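Below is one structure; the comments refer to it alone.
Convention: sequence-line order gives letters A, B, ...; per-chain numbering from 1. This is a predicted model, so every value here is computed, not measured.
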Number of protein chains: 2
Amino acid sequence: MQDDEFADVMRALGHPVRLSILRILAEKAQHECCCTDVTECLPLAQSTVSQHIKVLLDAGLVERHPQGTRNCYKLSPGRLDALNAAFSGLFSGLVADIAPAQRRPETEPA
Amino acid sequence: MQDDEFADVMRALGHPVRLSILRILAEKAQHECCCTDVTECLPLAQSTVSQHIKVLLDAGLVERHPQGTRNCYKLSPGRLDALNAAFSGLFSGLVADIAPAQRRPETEPA
DNA sequence: TTCTTCTATCGGTATCTGGCGATGAACCCT
DNA sequence: AGGGTTCATCGCCAGATACCGATAGAAGAA
């Protein structure tokens, strides 16, 4: 995952309401979960929730499944895995460079 | 880590330039790395880089160590660990709820 | 067809963000 | 004291974001 794309996903995760929406979708993964359902769990207007969902959709974290008159939303497991991989990659890349600096200089791997 | 704080950190990671700055600091972890050093690696004005660093400072991802006339920056390993833990917590919380829904309903753990 | 429900989108407003140049404070070295 | 370097901060501007209410379109129900 490129930096631009990764940054977009990070920004999508960068709002407490959107974290809540992800958890709500995870909790209700067994049932169908439409925009109205999510709105009922939050102290926000439907239009606002719809916009937050759109951000998550654009980031690929959530999938839309139209079911008759409503839109059913669910998390995208594949995207979550990719995100997890990208995050682990960033993290290990950072600490890999940190760690040797915090030990003795000669302990760096060959 | 609370959602608000976690979201702040995610937002701090939500810009390609700031990802670059983190990598630059990791690479140069052995040496001292001041704002000017970082600026030389990026096609941006010093004031812009300083503001990005401030975002990372506010998120706790980076520490400042004044050294004479310059400010030396380095990653905060403790904060990175906390971030990694929080991210893993979010991720596993999400997939823990997804996974049973994607298998059979009766396979849910006791 | 007509009614209801659901939801994406539009318009409006307030706030935040990202970029720059300029500036002043702090710290070194003569 | 005087000169040079570093860097945080300010002012400015353009564009993005967050929130709302209102609305229109699509789909099912009557």
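- Contact annotation: B:Arg11 reaches the phosphate of C:dT17 (side-chain N/O to OP1 or OP2, under 4.0 Å).
- The nearest whole Å value for the distance from the CG atom in B:Leu13 to the C1' atom in C:dT17 is 16 Å.
- The CD atom of A:Gln46 sits 13 Å away from the C1' atom of C:dC10 (whole-angstrom rounding).
- Per the geometry, NZ belonging to B:Lys54 stands 14 Å off C1' belonging to C:dC16, to the nearest Å.
- Taking 4.0 angstrom as the limit, B:His52 places none of its side-chain polar atoms (N or O) nearer than this to OP1 or OP2 of C:dT17.
- Rounded to whole Å, the distance from CD1 on A:Ile53 to C1' on C:dC6 is 12 Å.
- Close to D:dA16, at under 4.0 Å from its OP1 or OP2, lies no side-chain N or O of A:His15.
- Between the side chain of B:Arg70 and the main chain of B:Cys33, no donor-acceptor pair closer than 3.5 Å is present.
- Distance, B:Leu42 CG to D:dC7 P: 14 Å, rounded to whole Å.
- One finds no side-chain N or O of A:Asn71 lying less than 4.0 angstrom from the OP1 or OP2 phosphate oxygen of C:dC6.
- Salt bridge absent: A:Lys74 and A:Glu27 never bring a charged side-chain N and a carboxylate O closer than 4.0 Å.
- For A:Thr69, no side-chain nitrogen or oxygen approaches OP1 or OP2 of C:dT5 to under 4.0 Å.
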Practice item. Give the intermediate values and the outcome of side-chain contact (heavy atoms from CB on, under 4.5 Å) for residues B:Asp3 and A:Arg23. Key: CA-CA 11 Å; B:Asp3 266 13; A:Arg23 291 209 190 85; 2.8 Å; yes
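- At a threshold of 4.0 angstrom between heavy atoms, the contacts of B:Thr36 are confined to the sugar-phosphate backbone, with no base atom among them.
- Closest-nucleotide positions on DNA chain D for B:Cys34 and A:Val49 were compared, and the one nearer the 5' end corresponds to B:Cys34.
- Rounding to whole angstrom units, CZ of residue A:Arg70 and P of C:dT5 are separated by 12 Å.
- Between A:Ser50 and C:dA8, a side-chain N or O to OP1/OP2 separation shorter than 4.0 Å is present.
- For the pair B:Ser47 and B:Val55, both in contact range of DNA chain C, the more 5′-proximal nearest nucleotide belongs to B:Val55.
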Practice item. Carefully, step by step, assess B:Leu13 and A:Leu13 under the rule side-chain contact (heavy atoms from CB on, under 4.5 Å). Key: CA-CA 10 Å; B:Leu13 293 178; A:Leu13 293 178; over 6 Å; no
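- Atom CD of A:Glu40 is separated from atom CD1 of A:Ile24 by 10.5 Å, given to the nearest 0.5 angstrom.
- Between A:Arg18 and D:dA18, a side-chain N or O to OP1/OP2 separation shorter than 4.0 Å is present.
- Contact annotation: A:Thr48 reaches the phosphate of D:dC20 (side-chain N/O to OP1 or OP2, under 4.0 Å).
- A:Gln51 has its CD atom 13 Å from the C1' atom of C:dT13, to the nearest Å.
- We find that CD of B:Gln67 is positioned 13 Å from C1' of C:dC27, with the value rounded to whole Å.
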